[in-house]
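Input: a single structure, listed below in structure tokens.
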Amino acid sequence: MADITTNDPNAPADKPSNFINEIIEEDLRTNKYEGRVNTRFPPEPNGYLHIGHAKSICLNFGLAEKYNGMCNLRFDDTNPTKEEVEYVDSIMEDVKWLGFDWQDRLYYASDYFDQLYAWAEKLIMQGDAYVDDLTGDEIRQHRGTFSEPGKESPYRNRTVDENIDLFRRMKAGEFPDGSKTLRAKIDMASPNLNMRDPVMYRILHAEHHRTGDKWCIYPMYDWAHGQSDSMEKVTHSICTLEFENHRPLYDWFVEKLGIYHPQQIEFARLNLTYTMMSKRKLLQLVEEKYVESWDDPRMPTISGLRRRGYTPASIRAFADRIGMAKRDNMIDVAQLENCIREDLNKTAPRMMAVIKPLKVVIENWPADSVEALEAINNPEDASMGTRKLHFTKELFIERDDFMEDPPKQFHRLAPGKEVRLRYAYIIKCESVLKDPASGEVTELRCTFDPETRSGTGTSTKKVKGTIHWVSAKFGKTAEVRLYDRLFSVEDPGSVKEGDWHDTINANSLEILSNAKIEPALSESKPGDKMQFERLGYFCVDKNATADNLIFNRTVSLRDSWAKIKKGL
RNA sequence: UGCCGAGUCGUCUAACGGUAGGACAGCGGCCUUUGGAGCCGUAUGCGGAGGUUCGAAUCCUCCCUCGGCAGCCA
């Protein structure tokens with residue numbers, strides 16, 4: 001889709017229009033921001049970015065690209081108790097990896113602490129903010145409820161002088177945590193609870209990852225965000241739906257300050273089936289060792305997807321495809337899987353690997369004979385060339401490709417049945433060897449038909465099945481990791497707080513340590529991506545070494561046999 | 001319960017008063033030395049009731065349903 005050209009650069013075929021495009025195009029028409037588009041991606045560095053953030057990143061940076069504007073990266077680091085540099089670093093890495101560039105516009109809300117403080121004094125001077133001595137509990141009690149107005153704090157009508165004095169002493173560290181707050185003086189009876197004198201500053205004697213111990217008062221999100229946008233001359237401040245009720249407050253602050261006024265726009269956050277999107281719970285999965293790390297290939301984090309074998313292009317394609325709207329959504333994870341299959345189908349070289357090996361001996365093949373066969377690296381892309389495969393007397397095939405007593409629809413190997421070995425010969429299963437104790441099939445004795453070599457056309461024999469194989473003599477051993485969804489329910493996010501651990505899929509990881517890979521694969525490097533024919537797309541794990549190769553399955557191939565089997 | 005917001009195929013998403021279209025999932029078929037890929041076909045949808053209009057998913061009214069908000073989190 002990406003290479004389709006259109007006459008209208010504002011409406012590429014692969015990016016359907018949405019309500020945000022319409023707002024921006026209208027603003028451009030009316031010259032609302034002097035024709036500028038400046039968005040921003042404002043993560044809090046309190047965790048790793050996930051696929052939901054990718055939607056926002058693609059939106060914000062994508063808009064900047066589309067309208068020839070700019071997108072800033074800004075860390076919303078106003079709560080030192082939750083934030084760490086480890087997260088800052090990972091976030092920058094992930095945004096870059098997705099293919100976006102904030103150029104010289106890397107900002108931190110903490111860079112604005114001085115300005116924010118000065119503006120807070122301005123609001124105090126204007127009589128629009130006051131120092132409150134109420135405790136957290138008391139503030140909550142005074143706030144009222146959905147149906148009842150709140151009550152004004154007894155400290156609400158302190159004089160400007162008293163407020164300034166107290167606020168300066170708050171900053172100077174004279175008061176303990178929680179003992180005082182600075183509040184905006186708005187309306188304790190507002191139907192919008194965010195307008196009932198919201199807290200602007202709280203006292204926190206905590207070390208900040210960038211400002212150290214310079215501050216012991218920290219701005220709240222609402223007080224920091226709009227003003228940060230304003231300072232950066234952001235035009236369109238795009239956030240998720242839960243901030244809709246904050247917009248009146250966002251507007252109130254910039255208007256009271258009389259500063260440049262960006263426009264907040266809200267969109268629906270991404271929900272994916274069988275996927276946990278809560279940062280807090282993803283942290284728990286890591287801390288409680290349900291997964292190895294933030295970049296465990298089962299995690300919906302950007303780094304997890306990267307390690308799993310997802311490409312930046314596939315994630316961007318996904319973001320484009322799911323669209324942008326204000327209604328709540330639950331995207332089928334199959335949609336994501338489709339995006340990576342589509343990408344890798346075009347780009348990943350085909351290789352042969354047997355992940356659950358079953359030994360096959362070709363009885364009528366001379367013991368030491370080796371025959372070179374030509375294999376195509378990618379049927380979708382002839383420029384990827386061919387490679388040689390070596391056929392030998394002893395081979396491995398996939399255990400799942402043999403059944404002793406198969407149903408009619410099974411087009412693979414069975415006693416007395418024939419099947420083609422990919423790029424090689426048609427073989428016939430003559431006998432089955434078993435372990436006498438367990439009854440397990442240990443080896444197949446087969447014969448090959450010399451007239452049926454691939455590509456020769458010397459035989460008209462047809463078989464329904466073609467299976468992959470690896471030479472026992474030349475193949476190498478490697479570890480393969482297969483992944484399943486981390487949660488067993490469609491919407492783990494909606495599970496009751498106490499029960500969500502029960503919805504974790506205990507079998508989300510299967511390790512196969514005796515996989516047989518074709519020789520070409522033994523030179524793979526971490527990050528390499530390939531298709532194992534008939535099994536799926538795989539990616540070499542970041543911890544793999546030449547002596548200890550590890551392949552992560554990114555996604556299986558579409559499997560119509562699995563569907564047939566299910567119906568049997 | 002107050003305020004804000006949202007309801008279009010199974011799931012997402014278009015439509016801007018003029019033929020409800022696309023993607024994914026599903027189903028059927030073709031093709032195939034990957035049960036892959038590709039190709040073709042197919043079913044299913046405007047939350048409800050009124051109204052305005054020659055004509056309504058779109059405008060108006062009422063209703064219903066769902067989501068968000070009562071952190072010194074973001």
Side-chain angles (χ1 to χ4, degrees), chain A residues 1 16-18 22 42-44 46 76-79 81-83 132 134-136 139-141 143-150 177-183 190-196 198-204 217-218 220-222 224-225 239-248 266 268 273 279-280 320-339 341-342 345-346 350 352 376 378-380 409-412 420-424 426 452 454-455 462-468 531-536 556-565:
Chain A
M1 290 300 281
S17 74
N18 60 54
E22 286 178 20
E44 182 188 15
N46 66 342
D76 217 336
D77 54 352
T78 56
N79 185 352
T81 65
K82 292 188 174 175
E83 298 153 5
D132 197 355
L134 255 29
T135 65
I139 286 180
R140 192 176 323 117
Q141 283 155 17
R143 191 155 27 229
T145 66
F146 290 141
S147 49
E148 303 156 36
D177 287 4
S179 59
K180 284 181 169 46
T181 56
L182 183 72
R183 294 231 260 165
S190 171
N192 181 346
L193 270 55
N194 292 118
M195 300 298 273
R196 321 244 263 222
V199 171
M200 293 166 61
Y201 276 95
R202 73 283 215 185
I203 300 173
L204 239 35
I217 56 172
Y218 290 93
M220 298 288 289
Y221 164 87
D222 286 302
H225 204 92
C239 60
T240 45
L241 246 28
E242 66 268 28
F243 292 102
E244 255 173 336
N245 294 341
H246 293 240
R247 188 173 359 115
E266 310 86 12
T273 57
K279 256 197 217 175
R280 205 188 88 242
D320 288 341
R321 201 170 291 190
I322 59 177
M324 190 60 62
K326 297 191 79 155
R327 46 183 112 77
D328 294 323
N329 60 78
M330 178 60 72
I331 310 270
D332 191 337
V333 71
Q335 191 94 232
L336 214 210
E337 294 175 344
N338 179 267
C339 289
R341 283 196 191 103
E342 206 166 83
N345 177 46
K346 298 280 188 252
R350 272 56 170 174
M352 292 214 282
I376 296 165
N378 189 340
E380 301 288 317
Q409 296 94 323
F410 189 76
H411 301 154
R412 308 178 189 178
R420 174 173 293 282
L421 292 179
R422 178 83 160 146
Y423 296 120
I426 291 176
T452 59
S454 278
K462 292 270 186 230
V463 286
K464 279 190 175 146
T466 298
I467 65 174
H468 59 277
Q531 182 190 107
F532 287 176
E533 291 213 29
R534 302 206 307 132
L535 296 174
S556 63
L557 260 20
R558 280 180 57 204
D559 186 356
S560 46
W561 164 243
K563 279 177 197 165
I564 295 167
K565 205 164 62 172

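All chains are named by letter (A, B, ...) in the order of the sequence lines, taking the proteins before the strands, and each is independently numbered beginning at 1. Values below: all heavy atoms of this structure, side chains included; hydrogens, waters and symmetry mates excluded.
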query: Checking all strands, does A:Ser560 fall into the base, sugar-phosphate, or nothing category for heavy-atom contacts under 4.0 angstrom?
result: sugar-phosphate

| query | Distance check: side-chain N/O of A:Arg534 vs OP1/OP2 of B:rG35, anything under 4.0 Å? | reply | yes

* Identify whether any heavy atom of A:Asn192 sits under 4.0 Å from a base atom; if not, whether one sits that close to sugar-phosphate; answer base, sugar-phosphate or nothing. => nothing

Here the distance between atom P of B:rC72 and atom CZ of A:Arg183, to the nearest Å, is 8 Å

Distance-only donor-acceptor test, A:Arg412 side-chain atoms vs B:rG35 base atoms, 3.5 Å: yes

The answer to which of A:Asp77 and A:Thr145 contacts RNA chain B further toward the 5' end, by nearest nucleotide, is A:Thr145

Hits for ring-ring contact (aromatic ring centres under 6.0 Å, His included) against A:Tyr221, two or more places apart or cross-chain, chain-then-number order -> A:His225, A:Phe243

On RNA chain B, more 5' by nearest nucleotide between A:Thr78 and A:Leu421 is A:Leu421

What contact category does A:Phe243 fall into here, base, sugar-phosphate, or nothing, at under 4.0 angstrom with non-hydrogen atoms? base

Classify the side chain of A:Gln531 versus the base of B:rU34 as yes if they form a donor-acceptor pair under 3.5 Å and no if they do not. yes

| query | With sugar-phosphate meaning primed atoms plus P, OP1 and OP2, does A:Leu535 contact a base, only sugar-phosphate, or nothing at under 4.0 Å between heavy atoms? | reply | nothing

C1'-based separation of B:rC31 from B:rG48 [nearest Å] | 48 Å

Check your understanding: When all nucleic acid strands are considered with a 4.0 Å heavy-atom cut-off, which category describes A:Gly455: base, sugar-phosphate, or nothing?
Key -> base

*asked:* Classify A:Asn18 by what it touches in the nucleic acid, base, sugar-phosphate, or nothing, heavy-atom distance under 4.0 Å.
replied: sugar-phosphate

Any base atoms under 4.0 Å from A:Ile217, or only sugar-phosphate, or nothing? Heavy atoms, all strands. nothing

Under 4.0 Å between a side-chain N/O of A:Lys464 and OP1 or OP2 of B:rU32, yes or no?
no

> Can A:His411 be classed as stacking with the base of B:rG35, given a centroid separation cut-off of 5.5 Å and a plane angle cut-off of 30°?
Replying inline: yes

Contact class for A:Leu241 (heavy atom, under 4.0 Å): base, sugar-phosphate, or nothing?
nothing

Check: Hey, does the side chain of A:Arg143 come within less than 4.0 Å of B:rC72's phosphate (OP1/OP2), counting only N and O?
Finding: yes

**Asked** Looking for any heavy atom pair under 4.0 Å, which part of the strands does A:Lys279 touch: base, sugar-phosphate only, or nothing?
**Response** nothing

Report task. Sticking with atom C1', work out how far B:rG29 lies from B:rG35, rounded to a whole angstrom. Result -> 15 Å

What contact category does A:Glu533 fall into here, base, sugar-phosphate, or nothing, at under 4.0 angstrom with non-hydrogen atoms?
base

Query - Polar pair under 3.5 Å, donor/acceptor by atom type, side chain A:Arg327, base B:rU13 - result: no

query = With sugar-phosphate meaning primed atoms plus P, OP1 and OP2, does A:Glu44 contact a base, only sugar-phosphate, or nothing at under 4.0 Å between heavy atoms?
reply = sugar-phosphate

What's A:Arg140 touching, base or sugar-phosphate or nothing? Going by heavy atoms closer than 4.0 Å.
sugar-phosphate

Check every strand shown and say whether A:Ile139 touches a base, only sugar-phosphate, or nothing at a heavy-atom separation below 4.0 Å. base

Note, RNA chain B 5' to 3' with Watson-Crick or G-U pairs under 3.5 Å encoded as ( ), [ ], | and . gives .((((((..((((....[..)))).(((((.......)))))....(((((..]....))))))))))).....

By the 4.0 Å heavy-atom rule, please label A:His468 as base, sugar-phosphate, or nothing.
nothing

Notebook entry, point to check: Just wondering, do A:Asn46 and A:Asn79 contact through their side chains at under 4.5 Å, heavy atoms?
Noted result: no

